[in-house]
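FYI, side chains are in, hydrogens and waters are out, and symmetry mates aren't considered; it's all heavy atoms of this structure. Each chain gets a letter, A, B and so on, in the order the sequences are listed, and its residues count up from 1. These numbers come from a predicted model, not from an experiment.
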There are 2 protein chains.
Amino acid sequence: MGTRQRRLRELAEREQRFLDAAREQITEHGLLSLHMAKVARACDYATGTLYQHFASKEDLLLAICADQAEERMAVMARAAQWQTGSRERMIALAVADMLFAIRHPDHFRLFQYASTEVIWHAASPSRRDNVLEAHRPLGDMVAQVVQDGLDSGDLPPQNMSPHAVALGPWALTEGMHNLVNAEGVLDFYALHDPYRLLLRHLHLQLNGMQWQPLFDPLDDVALTRQISHICASLFDDLCPEGTGHRYCSPTEDRTP
Amino acid sequence: MGTRQRRLRELAEREQRFLDAAREQITEHGLLSLHMAKVARACDYATGTLYQHFASKEDLLLAICADQAEERMAVMARAAQWQTGSRERMIALAVADMLFAIRHPDHFRLFQYASTEVIWHAASPSRRDNVLEAHRPLGDMVAQVVQDGLDSGDLPPQNMSPHAVALGPWALTEGMHNLVNAEGVLDFYALHDPYRLLLRHLHLQLNGMQWQPLFDPLDDVALTRQISHICASLFDDLCPEGTGHRYCSPTEDRTP
DNA sequence: CTCAGCTTATGAACCCCGTTCATACTCACC
DNA sequence: GGTGAGTATGAACGGGGTTCATAAGCTGAG
């Protein structure tokens, strides 16, 4: 029955248009100015129609999250793809996510906001599952890196499951994103270039897990080279329109 | 002029009563059910009066944060107080914060929610400064531990400022709290007792910074003993009414 | 005691949304 | 053409944050 299939396709297309419109509004005017009526109007629909797709505003927010997660994962996967050792791949994952957070601050803020208890529990359960499912690759990718390292003898066994080991770098990265995002904190402590700091700490952390060191984590030049190397493979993804973009710390512009 | 002073005192007292009422409502009915009208009514005031103290709902939320921060800091300070080495003090800070998050989940969720872009920027600037100021001890405590360690020769120099070094353990702890709070994530990866995992990773991280190890981070028994030791000095703070409370991982109850 | 002047409290009214629902429309199928 | 399931509409509803004109209380002076 071709009619039914067409219907479904149209439904999915419309949903995507709603999501895009919502995303655009967030990018343009901030999370605070996301209104259901405006999203519907932007797609030339009445407000009620929106509620055939999303049970509530929170539901819409989480839908956007699930939608954006795909892109986030893709960027990370691509960054890790070109690295050889387990350690390099782990670092690449963190750098990619960090770049994503820098380049798409609104999306990243949305991730934080939506994973808040208030929003999370106001959405429908199925939508929550969607978000979790969409984010599954994140944890799996990190754990896979550990697993591959163990298999190839690249890493020493830790008596911990790959996922448990993976939680360390993952938490460190998330936490640093948080601190960076919490405006004021970094200025408070006069910490410039927090993302380079993240990389340094990540290296130190891997050292602690006795992953063989590539170079001294305190070697600033080597660190920069590594970041640039990873970034080079990512800028097409992250800056489609940009030409000649290079790694530039978010605070670098501020210093005269 | 005694009148003026009395006025100010009354003002402060009333503000505190508002804050307490709001906190109670959050504890009782969750963040979603915090309504300005109800807070005012709980203190036998009209709604409008609330707006003489707090410019908006977000302002009130941030005020609660600043208020609660004091308690959070106090618990951490107390935990670190009884430890001798730099490494133990650093661990104690993390454990204390972790316990605070477990024992006061609502407060902790509020911290997360309020540091969200949406809430943060809807509050008044002076209130935001309040929150930052109230949280300053957090970063300073962590950095102080590093500084003391360096001064006493307890720690090797890292070519990094104490605050920069401190950001590592700090971010790791925050990040782990986040992941734990993001419901579903841990079940997804079958990770039980995430807080013990935090401790393990913290030890591994300190290893990486070449802080001399106390024991093998993978030694589960030693880890538990250390956690219990730190907790013992904290339960009076965290469970005023509780008698005979002991450390118990949040997931321990679930397993039959 | 009394009046002026300032501070604070009041709660009804305002307004902005998110959400719902009865109605009308569309269109594939008989 | 008739039928019914699916879909769109937009006015109306309701909750709740915010404001404001008014009233009440308090202080200090005369």
Side-chain angles (χ1 to χ4, degrees), chain A residues 1-19 21-22 25-26 29-64 113-114 116 118-124 127, chain B residues 1-19 21-22 25-26 29-64 113-114 116 118-124 127:
Chain A
M1 193 176 277
T3 321
R4 183 150 217 88
Q5 287 190 350
R6 190 160 54 81
R7 281 267 176 77
L8 285 175
R9 196 164 49 80
E10 278 175 11
L11 211 78
E13 274 174 17
R14 191 163 53 242
E15 186 157 326
Q16 193 57 51
R17 263 193 296 146
F18 279 141
L19 288 173
Q25 260 184 48
I26 291 173
H29 307 291
L31 260 176
L32 271 173
S33 304
L34 181 75
H35 301 307
M36 297 301 269
K38 283 190 193 168
V39 172
R41 195 129 31 88
C43 301
D44 284 317
Y45 278 103
T47 320
T49 312
L50 209 48
Y51 284 84
Q52 285 177 8
H53 295 267
F54 311 102
S56 63
K57 189 178 183 180
E58 287 80 16
D59 221 47
L60 172 60
L61 282 173
L62 258 62
I64 306 173
Y113 185 59
T116 282
V118 180
I119 310 299
W120 184 257
H121 276 88
S124 68
R127 192 67 74 179
Chain B
M1 194 174 274
T3 322
R4 183 152 217 86
Q5 287 190 351
R6 190 162 52 82
R7 282 265 176 80
L8 285 176
R9 196 164 47 83
E10 279 176 9
L11 211 78
E13 275 174 16
R14 190 162 53 241
E15 185 157 327
Q16 191 58 51
R17 265 192 297 146
F18 280 141
L19 286 174
Q25 261 185 47
I26 291 174
H29 309 291
L31 260 176
L32 271 173
S33 304
L34 181 76
H35 302 306
M36 298 301 270
K38 283 190 191 168
V39 172
R41 194 128 32 84
C43 300
D44 285 318
Y45 279 103
T47 320
T49 312
L50 209 49
Y51 284 84
Q52 285 176 8
H53 296 266
F54 310 102
S56 64
K57 189 178 182 180
E58 286 80 15
D59 219 47
L60 172 60
L61 282 173
L62 258 62
I64 306 173
Y113 185 58
T116 282
V118 180
I119 311 298
W120 184 258
H121 275 88
S124 68
R127 193 65 74 180

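In this structure, A/Arg14 reaches the sugar-phosphate backbone alone: every heavy-atom distance under 4.0 Å involves primed, P, OP1 or OP2 atoms, never a base. Using a 4.0 Å heavy-atom criterion, one finds that A/Ser56 contacts the sugar-phosphate atoms exclusively. No contact: A/Leu50 has no heavy atom under 4.0 Å from any strand. Residue contacts shown for A/Leu60 are absent, as no nucleic acid heavy atom lies under 4.0 Å away.
Atom P of nucleotide C/dG18 and atom CZ of A/Arg41 are separated by 11 Å, given to the nearest angstrom. For the pair B/Asp59 CG and D/dT18 C1', the computed distance is 13 Å after rounding to whole Å. Going from atom NZ of B/Lys38 over to atom P of D/dG17 covers 9 Å, rounded to whole Å. As a whole-Å value, the separation of A/Glu10 CD from D/dA5 P is 20 Å. D/dG10 atom C1' lies 14 Å from atom OH of A/Tyr51, rounded to whole Å. Nucleotide D/dG16 holds its C1' atom 13 Å from the CD atom of B/Gln25, rounded to whole Å.
In summary, B/Glu10 and B/Arg14 do not engage in a salt bridge, as defined by a charged side-chain N under 4.0 Å from a carboxylate O.
The 5' end of DNA chain C is approached more closely, in terms of each residue's nearest nucleotide, by B/Leu11 than by the other of B/Gly48 and B/Leu11.
A sub-4.0 Å separation between OP1 or OP2 of C/dT8 and a side-chain N or O of B/Thr49 is absent.
Comparing C/dT10, C/dT19, D/dT18 against the side chain of B/Thr47 picks out D/dT18 as the nearest. Of the candidate nucleotides D/dG17, C/dT19, D/dA8, D/dG17 has the atom lying nearest to any side-chain atom of B/Lys57. The side chain of A/His35 sits closest to C/dC17 out of D/dT18, C/dC17, C/dG11. Closest contact between the side chain of B/Met36 and the listed nucleotides D/dT7, D/dG17, D/dG10 involves D/dG17.
Here the side chains of B/Glu58 and B/Val118 are not in contact, with every heavy-atom distance at 4.5 Å or above. Two residues are said to be in side-chain contact when any heavy atoms from C-beta on lie closer than 4.5 Å; B/Lys57 and B/Ile119 fail this criterion. At a threshold of 4.5 Å between non-hydrogen side-chain atoms, the residues B/Arg17 and B/Tyr45 count as touching.
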